[in-house]
Amino acid sequence: MNIRLTLPDGSVREVARGTTPADVAGQIGPGLAKAAVAAKVNGAVWDLHRPLETDADFAILTNRDPAALDVLRHSSAHILATAVREIFPGAGIGFGPPIEDGFYYDFDVPRPFTPEDLAEIEHRMVAVAKRDDPFVREVVDRDTANTRFSDDALKLERIEELGDDEVISVYTNGPFTDLCRGPHIPSTGLVKHFKLLHAAAAYWRGDENRQSLQRIYGTAWFTKAELEAYLHRLEEARKRDHRILAKQLDLYSIQEDVGPGLVFWHPKGAMVKWLLSREVEDDNLACGYDLVYTPNITREELFQISGHLPLYEAQQYPGMGAGREEAEHVRYRVKPMNCPMHTLIYKSKQRSYRDLPVRLSEVANVYRNERSGTLHGLLRVRGLCMDDAHIFCTPEQAEDEIFLCLDQVDRLIRRTFGFEMSFELSTRPDEKLGDDVAWDETEAILQRALERKEIPFSVDQGGGAFYGPKIDIKFLDAIGRAWQGPTIQLDSQLPERFALEFIGADNQPHRPIMIHRAIYGTLERFIGTLIEHFAGAFPVWLAPEQVRVIPISDAQAAGAHGVAENLRSAGLRVHVDDRTETLNYRIREGEVMKVPYMAVIGQRELESGSVAVRVRGTGKKQEILPVERFVARLVEEVRTRALSP
RNA sequence: GCCACUGUAGCUCAGGGGUAGAGCAGCUCACUCGUAAUGAGCAGGUCGUCAGUUCGAAUCUGACCAGUGGCUCCA
């Protein structure tokens with residue numbers, strides 16, 4: 001009996017039932033057969049040696065196909081497990097999936113893996129791969145599966161969970177058999193270019209109440225060039241680490257005496273933070289926002305009303321005693337967010353529909369008691385500064401307001417920094433306030449705004465905040481990493497909980513809707529990402545020190561200070577390095593500190609009223625410019641927020 | 001919060017049961033220099049904190065604190 005396969009080019013090929021994708025590839029051509037890694041059958045990835053049973057849409061996957069890379073990595077994980085089992089007999093095996101850029105496998109072993117273990121395991125993996133054992137798929141019944149994995153509690157638990165209608169498949173390569181859905185590469189020999197990266201603990205099933213397993217991470221690629229490019233990318237990322245760069249550039253510190261996750265902004269980092277704050281505040285004012293300032297602590301009742309405390313108490317700092325004159329039971333909390341505060345400003349007087357939208361913005365510090373293990377440089381902190389704003393408007397106005405928020409994002413993130421962005425609509429979570437009707441409406445508003453702005457977006461089902469759906473925006477940095485950026489959230493719950501009202505044209509009270517929105521998110525995280533994005537070399541407008549003026553010798557020192565004064569009065573941030581160090585020494589330090597411009601002044605420049613301009617990172621290609629032209633050029637670069645140098 | 005690893009001078013790091021070392025940075029002196037480190041000298045540390053073992057602890061043990069990599073979490 002024959003079956004009909006529809007190939008990607010639309011042609012139909014008739015083959016005998018039970019033919020394998022490998023056979024089909026061979027029929028099509030020897031080149032394809034050689035390059036084949038897996039097949040796609042009716043949209044699902046299949047093993048090359050799994051017999052075809054029915055008519056299907058059919059495609060051969062080669063090493064150029066991203067889906068094939070997942071198969072390779074999945075098989076690499078099995079090879080890893082094979083090697084671990086050979087070196088550590090009896091090691092329990094958890095899960096071993098492909099992940100972005102690589103794979104991991106979780107093991108239940110008596111002691112954690114050492115770096116030496118990893119080297120040995122990697123070595124053994126090479127041997128396992130070289131044996132070129134085929135990956136053999138078998139479908140088994142539940143009893144057989146239980147017998148096969150009788151000595152492996154983790155696998156038995158997994159088998160237990162499989163539904164009765166699910167196919168139980170196992171894959172064997174040489175001595176190693178694993179319960180696995182597949183698919184896999186035809187044989188282990190295809191895994192040639194891989195590297196184990198590190199070992200870390202991970203909970204079984206990701207549940208912190210369950211046992212801890214030892215996870216080994218690795219990466220695998222089809223070609224040596226791809227592997228090397230990836231390792232190079234890791235190295236690049238390491239060199240851009242904001243924690244290291246920030247120390248070098250003296251931007252911030254975190255002091256053990258004060259506590260983890262609490263940032264001390266040194267003068268240079270503080271300058272960057274101030275410039276960004278000013279940037280967003282200027283934009284806010286231009287967009288019709290008002291600035292407000294609100295208290296850092298509040299009676300905790302406020303967060304009872306808002307609904308945050310019952311849900312997020314663990315992440316708030318504990319309550320503080322009341323003031324001496326007040327009753328014992330009154331407790332205060334440091335604020336973890338600003339929304340209830342802004343809500344109270346809205347509520348401080350009666351609002352007319354003519355007043356709406358009311359847009360309140362505040363660059364404000366808030367404190368969240370993040371779990372200690374999650375803290376990471378500037379990217380995850382406990383004391384954070386948000387460029388926060390809340391818009392109170394009618395439900396009819398909400399779509400336009402969201403639209404304007406998206407405009408701000410476009411201006412302040414994409415246009416100013418050149419970041420590419422991706423948008424995600426997050427919908428109602430399980431733990432939520434409010435009924436489904438309200439959620440239907442608010443989700444629809446966000447969706448319409450995105451569609452009207454013609455922004456492509458993905459949907460994160462259940463990813464919304466407990467009080468409303470949101471648009472999360474990620475941006476890509478210079479080396480292609482995605483970062484969590486702006487967030488725009490719609491909220492009909494807080495207006496409800498605080499009983500917010502406006503008087504409508506009908507002279508009746510109505511409930512406004514509320515938009516929470518942050519463009520940079522937190523200044524800490526945003527600056528952390530900017531440091532990594534620019535590798536510490538900020539654009540001129542954002543550089544804490546924009547120009548370093550360097551007289552060649554003492555004879556030009558006074559002249560250098562004169563030039564610096566000139567630059568300074570044009571609003572530029574200037575420093576004169578007239579130390580009695582060699583010119584080379586001072587130039588080097590300017591480069592290391594990533595100052596965008598150095599203006600070197602020798603006798604020739606002094607006499608001609610010019611400077612020798614050295615642009616950061618461009619080495620010896622200096623340019624001699626009259627001082628006025630140099631000033632004009634910098635002022636223009638600052639004004640236009642030029643990205644280079 | 002959990003698991004593992006790490007903590008020595010301002011920074012990067014070596015050392016290691018008999019009371020501490022390098023390079024850079026800092027200070028002093030000399031050099032006054034044409035685009036990425038001039039030379040010499042000086043100074044600098046309760047070896048994360050607190051206990052324990054020991055004649056003796058920076059070194060061994062434990063607890064705690066902090067950092068790192070993950071897990072988990074992220075209004």
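In what follows, every chain begins at residue 1, and chains take the letters A, B, ... in the order their sequences are listed.
- Pairs of Watson-Crick or G-U wobble type, with distances under 3.5 Å, assemble into runs of 3 or more in RNA chain B at these ranges: B:1-7 with B:65-71, B:10-13 with B:21-24, B:26-30 with B:38-42, B:48-52 with B:60-64.
- Closest approach of K268(A) to L249(A), counting heavy atoms only: CD-O, 3.5 Å.
- Between the P atom of C71(B) and the CZ atom of F113(A) lies a distance of 16 Å, rounded to the nearest Å.
- Here, C2(B) and C60(B) have their C1' atoms 27 Å apart, quoted to the whole Å.
- Atom name C1', nucleotides G52(B) and G56(B): the rounded distance is 15 Å, in whole Å.
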side-chain contact (heavy atoms from CB on, under 4.5 Å) evaluation trace for F103(A) with L80(A): CA-CA 10 Å; F103(A) 60 90; L80(A) 165 60; 3.8 Å; yes
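- Atom CD of E236(A) is surrounded by more than 12 heavy atoms from other residues, nucleotides or ligands within 6.0 Å.
- Going from atom CG of D250(A) over to atom P of G10(B) covers 15 Å, rounded to whole Å.
- Going from atom CG of D578(A) over to atom P of U32(B) covers 17 Å, rounded to whole Å.
- Aromatic stacking is marked for Y312(A) over A75(B), as both cut-offs hold: 5.5 Å for the centres and 30° for the planes.
- Centroid-to-centroid, the aromatic rings of Y346(A) and F498(A) stay 6.0 Å apart or farther.
- Nearer the 5' end of RNA chain B, as judged by each residue's closest nucleotide, is the contact made by P260(A), out of R525(A) and P260(A).
- Summarising the geometry, the separation between CG on L384(A) and P on C74(B) is reported as 15 Å, rounded to the nearest angstrom.
- In this structure, the ring of F88(A) has its center no less than 6.0 angstrom from the ring center of F107(A).
- The separation between R205(A) atom CZ and C2(B) atom C1' is 18 Å, rounded to whole Å.
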Chi angles and distances behind the salt bridge (Lys or Arg N to Asp or Glu O under 4.0 Å) call for R205(A), E157(A): CA-CA 11 Å; R205(A) 318 305 300 264; E157(A) 181 180 328; 3.7 Å; yes
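- Checking C74(B), A75(B), A25(B) against every side-chain atom of Y585(A), the shortest atom distance belongs to A25(B).
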